[in-house]
Structures are given as C-alpha cells and as structure tokens.
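Chain A is the first sequence line, chain B the second, and so forth, proteins listed ahead of strands; every chain is numbered from 1.
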Number of protein chains: 2
Amino acid sequence: MRTVTERSDAVLAVATAFRRFGYEGASISAITEQTGLGKGSLYNFFPGGKEDMATAVLDEVGAWFQAEVYEPLLHEGTASARITAMFDAVEAYFTSRQLVCLFGAFALGQERTRFGEPIQQYFAAWIDALRTALHDGGAGREADDAATDMVSGIQGALVLARALDDISLFHGALDRMRARALTLLD
Amino acid sequence: MRTVTERSDAVLAVATAFRRFGYEGASISAITEQTGLGKGSLYNFFPGGKEDMATAVLDEVGAWFQAEVYEPLLHEGTASARITAMFDAVEAYFTSRQLVCLFGAFALGQERTRFGEPIQQYFAAWIDALRTALHDGGAGREADDAATDMVSGIQGALVLARALDDISLFHGALDRMRARALTLLD
DNA sequence: GACACTTTGTACCTATCGGTACATGATGTA
DNA sequence: TACATCATGTACCGATAGGTACAAAGTGTC
C-alpha cells in the first residue's frame with residue numbers, strides 16, 4: 001500500500017532529519033530513511049533539492065517563532081508575563097527537538113553563506129521583540145544588551161547542554177535568565 | 001619543486017579547513033585545496049583519514065586551551081588577573097579564527113557521536129578551571145553557576161556574532177562578562 | 001465512474017566521495 | 001656520498017552523492 005503525504009508534513013519530517021544529521025551530513029538517502037519518504041516524493045515537494053528542503057524548513061521554523069514567540073512578546077499581557085511565556089515556549093520547543101536550533105547550527109558552518117539572510121532575520125527579529133518587551137517593562141537602557149545577552153545565552157546553553165549531554169544545564173541556564181529578566185523589570 | 005611539510009603544520013592547516021567547511025562539508029578535495037597538501041601527504045600524516053584528521057585537530061586545540069587558558073586560570077597571579085587573562089586569550093583566539101569553536105560546532109551536529117569524549121573533556125576542564133579561579137577570588141556559592149554561564153555565554157556569543165555577521169557582538173558580550181566576573185570577586 | 005491532478009517507487013545518470021597503491025623526490029645522518 | 005626514512009604527486013578504485021525521468025497508484029470533483 002502506498003501512503004500519501006502532504007507537503008507540510010514532509011517539511012516537519014525533513015526538519016527532523018536536518019536536526020539529526022546537519023545540513024551537509026543529511027544525504028538524500030539519509031533523509032529518505034529518516035522521513036520514510038522516497039526520492040520521488042522529496043523531489044516532488046522540493047523541486048530544488050536539498051537547498052529547497054532547507055529553505056522550506058527554515059521558513060517553517062521562522063514562521064513558528066514569529067507566531068509563538070515574537071508576536072506574543074510584542075502584544076499580549078504584562079511585560080513580565082510575555083517574557084516568562086517566551087522562555088517557557090522556547091524551553092519546550094528545544095527540549096522536544098534534541099536541543100538543536102537549526103538557525104544556530106547553520107550559523108556555525110558554511111551553511112551561513114547559503115542561508116545568511118533567513119538566519120540574520122531570525123535572530124534580529126527575536127532580539128528586537130525581546131528588547132521591546134524589556135523596554136515596555138521599564139528595563140530602560142539595559143534592555144538592549146539584555147536582549148542580545150538572553151538570545152545569545154539561549155544559544156550558548158544549547159551548545160553546552162549538547163556538548164556535556166546534560167539537559168539540566170539547559171533548564172538551569174534558562175531559569176537564571178528568567179530570574180535576571182524579572183529583576184530588570186519592576 | 002616539492003615543498004615539504006611537517007605534521008604539526010598540517011594539523012593547523014586542516015583545522016582551518018574544518019573551521020571553514022565543517023566536518024561533513026570538508027571533503028578531502030576541499031581540504032586538499034584549502035591546505036595545499038595533496039592526498040599523499042594527508043594520508044601519510046593521517047592514516048585514519050578524515051576522522052584521524054579531526055581527532056588530531058581536536059587534540060591540538062585542546063592542548064592549546066589546556067596550556068594557554070586552563071593552566072593559567074589555576075595558577076598564575078590574582079584571581080581577577082587570571083580571569084581577565086582568560087577572556088583576553090579567548091577573545092584573541094576566536095577573533096583570529098573566524099569565530100568558530102570546533103568543539104562547539106561539533107557539539108551541535110552528529111559529529112557529537114564520534115567525538116563526544118574530547119568535546120566533553122574540553123568543556124568540563126574549562127568550566128572546572130574557571131570555577132576554581134572564581135572560587136579562589138571569593139565568589140562563593142555563585143562560582144558554580146557563573147562558570148557555566150560564562151563558558152556557555154562565550155559559545156552563544158560566537159553563534160550570535162556569526163549569525164548576524166557582526167564581530168562587535170562578540171566583543172561586547174565578552175566585555176560584559178568580564179565586568180560581571182569582577183563584580184563577583186572582591 | 002470518468003478525468004485531471006498529485007503523490008510515489010524505481011531505474012538510471014554523472015560527478016564526486018573517501019580511500020589505496022606506489023613510484024618519485026626530498027631530507028637527515030653516518 | 002650512500003642509505004634509510006619520510007613526504008609528495010598521480011593514477012586508480014568501488015561506493016555513494018545529488019539529481020532526473022517516468023510509469024503506476026491515489027485522490028478529489030463533477
């Protein structure tokens with residue numbers, strides 16, 4: 001029997017493959033095995049091949065962050081509630097995805113050349129939204145540095161937690177950042 | 001004319017190739033072009049092939065950090081001088097190496113499986129040495145978290161500075177960490 | 001149930017992958 | 001200067017890379 005898939009499901013499956021193998025390490029046959037999709041399906045959904053797949057994956061992840069992280073940071077509730085919600089969302093997101101941020105991982109390799117624009121956009125939008133929330137909460141001049149430090153701190157925590165294979169390092173680092181954010185407000 | 005190289009020079013050249021292309025992205029022919037060494041030389045110096053090259057590179061970098069960062073953190077001068085020296089050394093090191101920490105980059109990809117042990121060793125030794133210096137300087141119970149936060153913070157700053165292609169983000173982040181370290185001492 | 005359209009598996013292509021073999025050239029030591 | 005040792009370039013290998021072509025099978029619409 002032949003199972004039929006839609007593109008949006010394929011994107012999610014391919015994202016998992018990239019998280020596991022990296023961009024260069026994800027050969028088409030590795031993607032095939034990981035996702036259960038044959039070459040026919042992959043090249044049907046992504047006519048541009050591997051680069052097309054990666055673009056679609058980055059788009060999907062970027063859209064998710066836009067809707068679930070950046071937008072809420074700008075609009076809903078008090079500043080401290082918005083910032084707490086950001087940490088909660090991000091913690092749950094990466095915890096369920098092997099502690100891999102594809103944008104961060106791509107930034108460290110030569111993939112940065114190919115996908116520089118979406119990578120830049122992802123981090124710039126994140127820092128911008130967080131800075132706004134911090135500013136709204138009365139963080140004043142510190143908002144700028146604090147926003148970059150927190151986004152950077154999350155990336156560093158992902159690296160270290162993976163390196164030492166200890167997820168509690170990730171949770172601990174986020175807890176301390178949450179606490180620091182709250183002291184900046186009030 | 002034939003130019004003759006020694007292994008230690010080859011290791012440094014190969015390291016540059018891995019920084020530029022990543023482990024999976026560094027094909028033998030790419031390494032050949034980047035380093036100027038032919039296959040004959042490469043497989044003479046590194047009989048085990050690519051994995052052998054990476055092991056040698058990680059060994060070299062690990063030894064450099066041991067001698068230039070961890071040891072000084074444990075021995076020479078006052079705690080604040082030792083910690084300042086660490087930040088200076090690390091800042092100069094990564095600035096002159098395209099803002100790539102090979103251990104961090106490998107930790108984010110599937111290379112982690114292959115090189116898990118040296119990766120773990122690198123970060124554990126770093127955190128340990130820094131914690132000791134902070135403790136010596138009177139940081140008390142905070143020394144533990146501060147040490148992991150700083151090592152993690154450096155990794156995050158590398159990611160973010162590369163992602164936004166803005167080296168000043170790296171310098172700025174390190175300046176703030178230096179300042180924070182000093183407030184923990186005294 | 002006919003028909004257009006999308007999804008899927010398979011066979012096949014060329015280029016490049018990592019790696020080996022080995023003759024030739026350079027180097028240091030006696 | 002003879003000789004052992006180490007470094008180097010080149011030719012070659014099978015396996016796999018990413019990608020194409022296309023016929024068969026599913027799916028939605030009327």
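- The separation between B:E51 atom CD and C:dG18 atom P is 13 Å, rounded to whole Å.
- By the 30° and 60° cut-offs, the orientation of the rings of A:F94 relative to A:F65 is tilted.
- Counting only N and O atoms by type, the side chains of A:Q66 and A:E71 include a donor and acceptor under 3.5 Å apart.
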Identify all pairs in which a protein N or O lies below 3.5 Å from an N or O of nucleotides 13-18 of chain D, and state each distance.
{"residue": "D:dA17", "atom": "OP1", "partner": "A:S27", "partner atom": "OG", "Å": "3.3"}
{"residue": "D:dA17", "atom": "OP2", "partner": "A:S29", "partner atom": "OG", "Å": "3.2"}
{"residue": "D:dG18", "atom": "OP1", "partner": "A:K50", "partner atom": "NZ", "Å": "3.0"}
{"residue": "D:dG18", "atom": "OP2", "partner": "A:I28", "partner atom": "N", "Å": "2.5"}

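- Between A:W126 and A:F123, the ring-plane angle classifies as parallel under the 30° and 60° cut-offs.
- Hydrophobic cluster membership is shared by B:Y93 and B:V151, with clusters built from Ile, Leu, Val, Met, Phe, Trp and Tyr side chains linked at under 4.5 angstrom.
- For residues 47-70 of chain A, every residue pair satisfying the salt bridge (Lys or Arg N to Asp or Glu O under 4.0 Å) rule, not counting sequence neighbours, is listed here: A:E51-A:R114.
- As a whole-Å value, the separation of B:L37 CG from D:dT10 C1' is 16 Å.
- In this entry the distance linking CZ of A:R7 with P of C:dT6 reads 14 Å, nearest Å.
- In this structure, the CD atom of A:E6 is 9 Å from the P atom of C:dT7, given to the nearest Å.
- Atom pair A:F45:CZ and C:dT6:P shows a separation of 11 Å (rounding to whole Å applied).
- One interatomic measurement links the two molecules: CD1 of B:I31 to P of D:dT8, which rounds to 16 Å at whole-angstrom precision.
- For B:T78, the side chain to side chain contact (heavy atoms under 4.5 Å, CB included) partners are B:S80, B:A81, not counting sequence neighbours.
- For C:dT8, neither phosphate oxygen OP1 nor OP2 lies less than 4.0 angstrom from any side-chain nitrogen or oxygen of A:N44.
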